[in-house]
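One structure below.
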Amino acid sequence: MATVTDHYEDLLADQYTWMLGGDIASLAKEQAALLQGFGLSPDGPAGDTAVDLGCGPGAQSLALAGLGFRSVIAVDTSKKLLDELEGHAGRPSPIRPVHADIRTALPHVATAGSVAAVVCMGDTLPHLPAASDVTALLGDVRSALAPGGHLVITYRDLTRPLEGTGRFLPVRSAADRLLTCFLEYVDEDTVMVHDLLHTRVDGEWSLRTSSYPKLRIGADWLAGQCRCAGLEVAHDATGARGMRVLHARKP
């Protein structure tokens, strides 16, 4: 079994933009509309700095930059995805890629009370090793946010187990590529994610596989942890593509 970092670096990072549809610019516009709907703006009293935790190839970071944030700190453990983000952002850009673990990055990239928005999107939060890491991260978020600052999280609620063949999930397919995910429920807190990547070269198919653990985060539990951290939950519902969307603010 690989770690999450190894899984992405060895298998998923090279496929990630393709998995998302292949058009980061369109995804950035979609994400900008979502964030703008929650009132994220660099023009308020909270300031003009945003942090994107688990930025990947950059859809959310580009969205924040497009909304006018003058400093966007983009954090990810994958150097490959950060390099791709830099390519999408171009130069000059308000986006600053940071190669770091999202569990511990916030106190190092932002001073207390200096951030207008923190986003952790695209099912990044369940990649943390333990529920206690989620709790600790939310504490760091509250500390980093300025009064009135925003937190937006999107993730998949995996607390209700799938059964039988329903555990096989097609991710995306093309003439030369096929990615399928298989879920194995380990216990109440963890699901093992098995990714199966078929690629076709010169008429021959080959298979690469990798597995990593993912947290089963319940919606009620996460909203409760936000409130315990001192954040006010303003929105908590299932959104596009079955992703859970949570928006909270620091009083």
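Small disclaimer: the values here were computed from a predicted structure and weren't measured.
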May I ask you to say whether Glu9 pairs ionically with Lys79, meaning some side-chain N is under 4.0 Å from a carboxylate O?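 A salt bridge is absent here (no side-chain N lies under 4.0 Å from a carboxylate O).
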
Counting heavy atoms not belonging to Asp187, are there more than 12 under 6.0 Å from its CG?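 Buried by this count: over 12 neighbours within 6.0 Å.
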
Considering only heavy atoms from C-beta outward, does the side chain of [X] approach that of [Y] to under 4.5 Å?
X: Asp157; Y: Leu222; answer: no
X: Cys55; Y: Leu85; answer: yes
X: Leu128; Y: Leu137; answer: yes

Using the test ring pair (Phe, Tyr, Trp, His ring centres under 6.0 Å), find all partners of Phe168 that sit at least two apart in sequence or belong to another chain.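 Only Phe182 meet the ring pair (Phe, Tyr, Trp, His ring centres under 6.0 Å) criterion with Phe168.
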
Quick one: closest heavy-atom pair of [X] and [Y], and the distance?
X: Ser173; Y: Leu178; result: CB-CD1, 3.5 Å
X: Val193; Y: Cys181; result: CG1-SG, 3.5 Å
X: Thr124; Y: Gly54; result: OG1-O, 3.5 Å
X: Leu81; Y: Ala13; result: CD2-O, 3.6 Å
X: Ser114; Y: Thr49; result: O-CB, 3.9 Å
X: Arg160; Y: Tyr185; result: O-OH, 4.1 Å

Do Thr3 and Asp6 have a side chain donor and acceptor closer than 3.5 Å?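 A donor-acceptor contact under 3.5 Å links the two side chains.
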
Do the side-chain N and O atoms of Asp76 and Ser78 include a donor-acceptor pair separated by under 3.5 angstrom?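 Distance-only check fails for Asp76 and Ser78.
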
Check whether any side-chain N or O of [X] sits under 3.5 Å from a backbone N or O of [Y] as a donor-acceptor pair, and report yes or no.
X: Asp83; Y: Lys80; result: no
X: His235; Y: Leu246; result: no
X: Asp48; Y: Arg70; result: no

Tell me every residue that passes side chain to side chain donor-acceptor pair (under 3.5 Å) with Thr238, counting only those two or more places apart in sequence or in another chain.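 Once residues adjacent in sequence are excluded, the partners of Thr238 under the side chain to side chain donor-acceptor pair (under 3.5 Å) criterion are Arg244.
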
Please name the residue in the list Leu151, Val72, Leu35 that meets the side chain to side chain contact (heavy atoms under 4.5 Å, CB included) test with Val119.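 For Val119, the side chain to side chain contact (heavy atoms under 4.5 Å, CB included) check succeeds only for Leu35.
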
Kindly work out whether a path of hydrophobic side-chain contacts (I/L/V/M/F/W/Y, heavy atoms less than 4.5 Å apart) joins Leu12 to Val4.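 As far as the 4.5 Å side-chain criterion goes, Val4 and Leu12 are connected within one cluster.
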
Qualifying ring-ring contact (aromatic ring centres under 6.0 Å, His included) pairs, either residue in residues 118-164, two or more places apart: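 Only Tyr8-His127, His127-Tyr212, His150-His247 qualify under ring-ring contact (aromatic ring centres under 6.0 Å, His included).
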
